[in-house]
Amino acid sequence: MPATANVRTLRFILLAFFSIAVLYKIFTSSSSNYSPSLNVPPAGGSDIGKIPPQLPKSELSSGDTKPDSEEDQSPFSHGTTPNAKNNFPLTGTAPGKRANATFITLARNSDTWEIAKSIRHIEDRFNRKYNYDWVFLNDQPFDEQFKKITTRLVSGKTKYGLIPKEHWSFPEWIDQDKAAAVREDMRQRKIIYGDSVSYRHMCRFESGFFFEHELLADYEFYWRVEPSIKLFCDVDYDPFLYMKENKKKYGFTLSLYEYKDTIPTLWETTKKFMAEYPHHIVEGNSMKFISDNDGKDYNNCHFWSNFEIGSLNWLRSPAYRDYFKYLDRAGGFFYERWGDAPVHSLGAALMLKQEEIHFFDNIAYWHVPFTHCPTSEEDREKYKCSCNPKDNFDWKGYSCTSRFFEMRGWEKPKGWEYQMN
Ligand SMILES: Nc1nc2c(ncn2[C@@H]2O[C@H](COP(=O)(O)OP(=O)(O)OP(=O)(O)O)[C@@H](O)[C@H]2O)c(=O)[nH]1
Ligand SMILES: [Mg+2]
């Protein structure tokens, strides 16, 4: 072999040796970050070129959930403001008695995932500790997927009911041509849901029939839950028991003005009912909440019925049943587009005493597009609320809650002025 070839071979060997040494250094120094605490085998020449070791799954998860005793020594506790532990009591089933009550949801199979979200809000903030039942109603049979997902999420018993045909159809006295002409007119005037038949069946059902369903027969109180709602605060007391023990019949969180074009003759019809059934109108009612001139006109104020905690016994009373039958005969669910919110509200305002209607100020609630967030800073702290108080609708121009407070002679809570706009 010529001398120049020997020199080249020697240079190549030296270069290769040098490269291997550099690579060895790189791999051993990077893997040393893992090795001391996680039992990674010591890096050696045989590991060069292999994939660096991964964190074992068991180590990853145990890092997230440290035993309590270790918590105070955590490096992350320095420079933070940890909550006192007893502010977050361990959760379990709340002790004590329960009311005879259930959640109630009207939904379609296509609402599965939106009602799933609502259920998680209710369960996480309240029901996982109280385990109340949940009744689901539908005008079509619920499919297996709906039942599977909702049963999985509810901590109480779930029950699924089909709505009887006569509660979800046109009564025989409705003139179909007249009803169709109204829908076409409302479509042209772009009135929301104005051309919808199913929305009208829904409003009529929620106004007068849901509480007649056999699955609700044995319950005394209900809490209505719609798809896509949110709760922002813990509900760490039992609102059903509160209703029972304080003789409340109807509870709300949001109130507002109804869209006049959907109820042109609802008040005239209600006035006729009042004249024919004066014994159903109670003394000490809430006429002041719904009228500014002692009943001559309706000011369109109503409680927003997508959230309600109420007494089924009241809805099943002769007074409310007579009222619904009277309205149904008049045909306004189909010749106009009467909503269940003003119907329940007028019924509650006229047939209940003021003290029987409860404002659930400490239940922070959202249904598109309105938020109820407690005005009081103390409540928002006590119930661990995540809502921005500026979003609170109560004191804004389109809300009727100020009127409710005025009627009751209540002072508005501290800080309400900052939430007006
Ligand atoms: N089974 C069934 N449920 C319905 C139907 N239409 C509406 N619902 C339910 O009735 C309730 C009210 O309907 P929504 O569509 O939420 O009416 P809304 O709250 O006035 O309007 P949104 O602003 O769209 O929420 C909800 O619980 C719906 O899931 C229907 O055709 N069949
Ligand atoms: Mg809704």
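Counting starts at 1 for both ligands and their atoms, in listed order. Side chains are part of it too, since the values below use all heavy atoms of this structure and drop only hydrogens, waters and symmetry mates. Source: prediction; values computed, not measured.
- Side-chain contact check for I357 versus F404: some heavy-atom pair is nearer than 4.5 Å.
- Ring geometry, F360 versus H358: the interplanar angle exceeds 60°, so the pair is classed perpendicular (tilted spans 30 to 60°).
- Among R108, E206, Q140, E226, the residue whose heavy atom lies closest to atom 6 (N) of ligand 1 is R108.
- The side-chain heavy atoms of C385 and D379, taken from C-beta on, include no pair separated by under 4.5 Å.
- Atoms of ligand 1 found under 4.0 Å from any heavy atom of P227, numbered from 1 in the order shown, are 26 (C), 27 (O), 29 (O).
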Task: Worked check of salt bridge (Lys or Arg N to Asp or Glu O under 4.0 Å) between R108 and D139 - done: CA-CA 8 Å; R108 295 153 285 210; D139 57 307; over 6 Å; no

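- Distances between N or O atoms of A107 and those of ligand 1 include at least one value under 3.5 Å.
- Ring geometry for F333 versus W338: interplanar angle over 60°, hence perpendicular rather than tilted (30 to 60°).
- Look at R316 and E212 and you find no salt bridge, because none of the NZ, NE, NH1 or NH2 atoms lies under 4.0 Å from a carboxylate O.
- Those atoms of ligand 1 that come under 4.0 Å of a heavy atom in D111, given as number and element, are 29 (O).
- In terms of protein heavy atoms, atom 22 (P) of ligand 1 is closest to Y193 OH, 3.5 Å.
- Using a non-hydrogen distance threshold of 4.0 Å, H367 registers as a contact of ligand 1.
- Between Y257 and S399 the shortest heavy-atom distance is CE1-O, 3.9 Å.
- More than 12 heavy-atom neighbours from other residues, nucleotides or ligands sit within 6.0 angstrom of CD on Q176.
- Judged by the shortest distance from any of its heavy atoms, D139 lies inside the 4.0 Å radius around the atoms of ligand 1.
- A donor-acceptor pair under 3.5 Å links the side-chain atoms of S118 to the main chain of E226, judged by distance alone.
- Checked by distance only, ligand 1 and L106 come closer than 3.5 Å through their nitrogen or oxygen atoms.
- Side chain of D195 to backbone of E184: no donor-acceptor contact under 3.5 angstrom is found.
- Nearest protein heavy-atom contact of atom 13 (O) of ligand 1 is M202 CE, 3.5 Å.
- No part of F142 comes within 4.0 Å of ligand 1, judged by heavy-atom distances.
- Within E226, OE1 is the N, O or S atom that lies nearest to the Mg ion (ligand 2).
- Below 4.0 Å from some heavy atom of N138 lie the following atoms of ligand 1, by number and element: 1 (N).
- Remark: minimum distance from atom 18 (P) of ligand 1 to any protein heavy atom is reached at Y199 OH, 3.8 Å.
- Every atom of ligand 1 is numbered from 1 in the order shown, and the set under 4.0 Å from a heavy atom of W168 is 2 (C), 30 (C), 31 (O), 32 (N).
- In this structure, N306 falls outside the shell of residues with a heavy atom less than 4.0 angstrom from ligand 1.
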